[in-house]
There are 2 protein chains.
Amino acid sequence: MNRTFEPTPRHDTKDKILDAAERLFADQGFAATSLRQITTEANVNLAAVNYHFKSKEALLSAVIGRTFEPINRRRMELLDQLELSSGSGRPGLDEAVRAFVRPALEARSANAKSMRYFPRLMARIMAEPGGLAAPVMLPALQAVTDRFMPVFQQAMGVNKRSTVLWGAQFSIGCMARCLIAPEFIQAITGENQPQESMEQMLDRVVCFIVGGMQALAEREKSLCIGA
Amino acid sequence: MNRTFEPTPRHDTKDKILDAAERLFADQGFAATSLRQITTEANVNLAAVNYHFKSKEALLSAVIGRTFEPINRRRMELLDQLELSSGSGRPGLDEAVRAFVRPALEARSANAKSMRYFPRLMARIMAEPGGLAAPVMLPALQAVTDRFMPVFQQAMGVNKRSTVLWGAQFSIGCMARCLIAPEFIQAITGENQPQESMEQMLDRVVCFIVGGMQALAEREKSLCIGA
DNA sequence: GTATGATTGAAACGTTTGTATGAATCGAAC
DNA sequence: GTTCGATTCATACAAACGTTTCAATCATAC
């Protein structure tokens, strides 16, 4: 067999593939990213993808799982801590929203060397309720929803579940947008805006979301009075 | 030449391609949609795509242009009317936000027979500042931004342009999310929520956005007092 | 009827794709 | 050193892809 073998260190092939896939899926989307692009960037052999991950789709699931699972775990931790440190076990709306949003912004900041990729991956995945990522994403979203929705509802002081559900959806929209907004602002204005810190961005988006949720709560109350 | 020719009516090939492309690009994304899928759904010949649109990318640009251009034109019209009918030529924040959001929701409703497609197309496009759609989208976004941003700023009563820019980005996030929220709510809760009318959805999202923007304005004022 | 440009049709082309295959190499245990 | 499973390598395969080509057909004007 004609083989020009240059051995690759064998201890991190899988991670190299995951890293490259995360970057390229985020930048180009799943379908437009070929396995050869991934393996070229990761400097591994094409067959390694199927060996370690069985299929391209399974690779996507793995990328999503390792990206989003820590965020959701962090959310749960923050909320648990909040409830412990709140005298009545009932966090305020501002605190609850922070616990929801902060992990996503933290993840953005933690990916300093590939900061341009994570926000787009998240934006792409969040736009696809029935897409390829659904089997991985829906259970995760379900768990977070089950945990946070009652807290939001209590903090908003509303009776209707639909008010909370819509508020949560708009909050997700804000949060997702927040992750890519710097790129958009740059593209639209052509200005090099001074870089905002993560805490500044967090303050802005939490302020907006809390204001919006409180407005929805007020709306519900005034509709009840009118009915 | 061996040809089994069945003539197609020649008066609407281009529109059939655009319709099919809009549906499939929205549902699957650009890269995952092949021209053969489009032409099969449109019941036209493969070569027609390149004849009428020159390339797949040009087809995408055409789809985006015909989808988003009417929305933006409607936005401008609504705002013009608003300024005419406002005594001082200065619309309130609620009205300005409505003028921004309503056309998108209207477009969703107008696509009754393909309602599942338009929201996703919009969500996909909005997630990609530097993507394939950028040459078409950025000028359109620029025009809308130039027109609405001063109105929002005045209505919010803030001095800093950055406050308005961020508020606008969060608003776009809310609006985009609003278009696909019914699917998400359905997927997460497994419940068949009663269908909300367009006006109900519009009221909800405008309420949230206005609340959020007012909160940002208050935040700016309190930061100025503190500084 | 003829001429001409527009439009459609079938097929070809070269490239790319994900998956699969079997051999070579590696690393750990004995 | 030998064995065995894990891992990597080069290659093959069939299918799919966007673009192109050229002839047939259509529609309109004269």
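In the text below, chain A, chain B and the rest are named by the order of the sequence lines, each starting its count at 1.
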- So, with a heavy-atom separation below 4.0 Å from DNA chain C, the residues of residues 34-42 of chain A are A:Ser34, A:Leu35, A:Arg36

- Query: Want to settle it: does A:Lys56 or B:Ala48 sit nearer the 5' end of DNA chain C, counting the closest nucleotide to each?
  - Reply: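 Closest to the 5' end, via its nearest nucleotide, is B:Ala48.
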
- Just to confirm, is there a sub-4.0 Å distance from OP1 or OP2 of D:dG18 to any side-chain nitrogen or oxygen of B:Ser55?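 No, outside the criterion.
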
- Taking only the side-chain nitrogens and oxygens of B:Thr13, find out if one of them lies under 4.0 Å from OP1 or OP2 of C:dT8. yes

- Is NZ or CZ of A:Arg75 both nearer than 6.0 Å to the six-membered ring centre of A:Phe100 and within 45° of the ring axis? yes

- Task: Please figure out whether A:Leu46 or B:Tyr51 has its closest DNA chain D nucleotide nearer the 5' end.
- Result: A:Leu46

- Item | Non-neighbouring partners of A:Asn45 that pass side-chain contact (heavy atoms from CB on, under 4.5 Å), sequence neighbours left out |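 A:Asn45 satisfies side-chain contact (heavy atoms from CB on, under 4.5 Å) with A:Ala47 once adjacent residues are dropped.
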
Whole angstroms only, please: what is the [atom1]-[atom2] distance between [X] and [N]?
X       : N      : atom1 : atom2 : result
A:Ile17 : D:dT7  : CD1   : C1'   : 11 Å
A:His52 : D:dA6  : NE2   : P     : 12 Å
B:Phe53 : D:dT20 : CZ    : C1'   : 18 Å
B:Lys16 : C:dT7  : NZ    : P     : 15 Å
B:Lys54 : D:dT21 : NZ    : P     : 14 Å

- Item | All pairs passing salt bridge (charged side-chain N to carboxylate O under 4.0 Å, His left out) where residues 201-210 of chain A contributes a residue, at least two apart | A:Arg98-A:Asp203, A:Glu196-A:Arg204

- Note on the structure: The complete set of salt bridge (charged side-chain N to carboxylate O under 4.0 Å, His left out) pairs with one or both residues in residues 134-152 of chain A, sequence neighbours excluded, reads A:Asp80-A:Arg147, A:Glu83-A:Arg147

- Note on the structure: Quick note, A:Asn45 side chain, CB onward, closest among D:dC9, D:dT7, D:dT21 is D:dC9

- Out of C:dA10, D:dT19, C:dT19, which has the shortest distance to the side chain of A:Asn50? C:dT19

- On a heavy-atom basis, the closest approach of B:Ile17 and B:Ile38 is O-CG2, 4.0 Å

- Partner residues of B:Phe53 under the ring-ring contact (aromatic ring centres under 6.0 Å, His included) criterion, sequence neighbours left out: none

- State which residues pass salt bridge (charged side-chain N to carboxylate O under 4.0 Å, His left out) with A:Arg36; sequence neighbours excluded, sorted by chain then number.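 A:Arg36 satisfies salt bridge (charged side-chain N to carboxylate O under 4.0 Å, His left out) with no residue once adjacent residues are dropped.
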
